[in-house]
Enquirer: 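Before we start, here is the structure in question, set down as structure tokens.
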Amino acid sequence: MAGPFRVKARSASPGIATGPVHLAQQRNLTASSRLQPAWRYDSLAAAIETAIGELEHLSQGADSESRDIIDFQIEVLHDPTIAEATASRMATGENVAFAWVNTLDGYIRELESSEEEQMRARAVDILDIKNRVLGALTGTPAADFPAGSVFVAPDMEPSRFLAHDWSAGGGIVLFNGSAVGHVALLARSRSIPMVVSAGPFTASDGHPIQVDGDSGEIVLQGGGPSIPAVDSQVTVASDRKMDSDDGNVLTADGVQIRLFVNINDPDEIASVDAAGVGGVGLMRSEFAVMSVADAANEERQFAIYRRVLEWAGEKPVTIRMFDIGGDKPLSGLDDLPALSATGPRGIRLLLARPEIARIQARALLRSAVSGTLAVMLPMVTFPSEVEQMRQIFLDQASQLDRRGIPYRMPSIGMMVEVPAAALMLDTFTAADFFSFGTNDLAQYLIASARDGSGFETQDDKARPAVLRLLEQGAKLAAGKPVGICGDMASDPECLPSLLAAGLRHFSVAPARLRAIRSAIVGLNADGTTAAGE
Ligand code: PEP
Ligand code: MG
């Protein structure tokens, strides 16, 4: 039997995992999901058929009153004028999901403004079928891999990570990848051991492999299963719980620091003790949607945001609008004209396709009633972008007002993750608050890339420039709340400089709460080490 074979890679998420190799096929999202118009129409027809089938199934065994409603819904779905209206929107370049939503929203508005009460009552039935068809349009996610195995591939898409059940353990080994990429970030927040830059090596499906996310080493067993299993979940899980200090931590000289958590997948809240944190400092909403159909689904988004706000109680929850693009592609996105996974990202994409922003804004406005919501805008470069998004919120608020739907206007702030914005922070008068996103800020500052090419942004060499920009930016914030939610906030080594720069609000991955909290109590507010430490 061949002896163990060791490969030195780069650590991206700590912990040790052992399991069988799962050699994954690389998916080419851009090529495979570029849909031809006819195909897209077929996908709508198929989704309508699915919805009809579901309704027919529901109708069996329903009482006569329910059957009347269901029959009406089936009748509407059979009505060719709805499909035709959707198709003509698609012919002008609208994405299939948004064409469907916009067509149905038109009918819903017509019904809602009817003089007759009976007609107005029908609006909710149409809303129901709108969402049912949207659900069917979502499409099938990439095939999952066996629970407990170690995913080995050149790279991994965030949606694949999120669709997998990690409860049985497992790990990730990427030939390329980056420690600051979004999958690495997700792996750290879920405590999944991961290494990147492992270079291509030969491995066989099913053979045992050990991933050491602490040392960055992987060990492959050539023949039989002789690597002892290590339960990687246990060591880090305890890090998620904190003393019930409400998220307030005092520095050694008595200055109050607020600690928040970053949430990627909304299910992560289940493992965080709400009493021990100041709230959510960053919810990456793009990870809660798996396809354009999800992005078009106001009700689905509303339910997700409301759940997080209810979990937080009175504590603030900062939900960032979709930061789609770059290494965060969205299935079905590239059939939107002028957009691709390598095209515009963050707020530029949202403003280029306001139909995405409007739906998200409505879901956010409605959920704001359930707690203390702050909305954060991603990848902002110019003040006009914040002003335009604020206008979208105002317009959607008036629309909800007209329809009598409860909502609350949240505060609207921005990520500071583009160097041009950090340098001009005093000109962003329309932003209510700022949060430094050091992952992208570092990348754009040192001409690197989050896919692992170029310099690694967490290298010590990059740090002084990023810290100087942060320090200057924090001064330009002119009294508005300013925090940090990039990975630098989770690094105790950066803490002295971040405190010295005047930052008092830190949002970190749940698994890093304890480490950051202990580091804060040993420092003075100016970043110097406390006497006796
Ligand atoms: C960042 O860029 O630092 C950030 C928090 O945003 P994301 O990592 O999601 O790009
Ligand atoms: Mg970012």
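Throughout, numbering of the chain's residues begins at 1 and tracks the sequence. One-based numbering, in listed order, for ligands and for the atoms of each.
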Enquirer: Can you find a heavy atom in the side chain of Val482 that is under 4.5 Å from one in the side chain of Phe436?
Expert: yes
Enquirer: Report the name of the N/O/S atom of Asp440 located nearest to the Mg ion (ligand 2).
Expert: OD2
Enquirer: Can you tell me if Arg345 has a non-hydrogen atom under 4.0 Å from ligand 1?
Expert: yes
Enquirer: With a 4.5 Å limit on heavy-atom distance, are the side chains of Val521 and Leu250 in contact?
Expert: no
Enquirer: Should Asp487 be counted as touching ligand 1, given the test is an N or O pair under 3.5 Å?
Expert: no
Enquirer: Is ligand 1 less than 4.0 angstrom away from at least one heavy atom of Met379?
Expert: no
Enquirer: Checking side chain to side chain donor-acceptor pair (under 3.5 Å) between Asn264 and each of Arg190, Arg188, Arg284, Glu286, which is the one that passes?
Expert: Arg284
Enquirer: Show the atoms of ligand 1 that are less than 4.0 angstrom away from any heavy atom in Arg284.
Expert: 4 (C), 5 (C), 6 (O), 7 (P), 8 (O), 9 (O)
Enquirer: So between Leu186, Asn439, Asp323, whose heavy atom ends up nearest atom 3 (O) of ligand 1?
Expert: Asn439
Enquirer: Tell me yes or no: between the side chains of Gln301 and Asn297, is some donor less than 3.5 Å from an acceptor?
Expert: no
Enquirer: List every atom of ligand 1 that sits less than 4.0 Å from any heavy atom of Met415, numbering the atoms from 1 in the order shown and giving each element.
Expert: 4 (C), 5 (C), 6 (O)
Enquirer: Need the ligand 1 atom indices (1-based, order shown) with element for anything under 4.0 Å from a heavy-atom of Arg320.
Expert: 4 (C), 6 (O), 7 (P), 9 (O)
Enquirer: Within this structure, what is the CZ-CD1 distance for the pair Arg353 and Ile324, rounded to the nearest 0.5 Å?
Expert: 11.5 Å
Enquirer: Which of the N/O/S atoms in Glu417 sits closest to the Mg ion (ligand 2)?
Expert: OE1
Enquirer: Any non-hydrogen side-chain atom of Phe393 less than 4.5 Å from a side-chain atom of Leu364?
Expert: yes
Enquirer: Going by distance alone, is a donor N or O of one side chain under 3.5 Å from an acceptor N or O of the other, for Arg348 and Thr381?
Expert: yes
Enquirer: Counting each atom of ligand 1 from 1 as listed, which ones have a heavy atom of Leu282 under 4.0 Å away?
Expert: 5 (C)
Enquirer: With a cut-off of 4.0 Å, which atoms of ligand 1 are near a heavy atom of Glu417?
Expert: 1 (C), 2 (O), 4 (C), 6 (O)
Enquirer: Quick one: are Ser11 and Asp214 in side-chain contact, heavy atoms under 4.5 Å?
Expert: no
Enquirer: Any atoms of ligand 1 less than 4.0 Å from a non-hydrogen atom of Gly486? List them with their elements.
Expert: 3 (O), 5 (C)
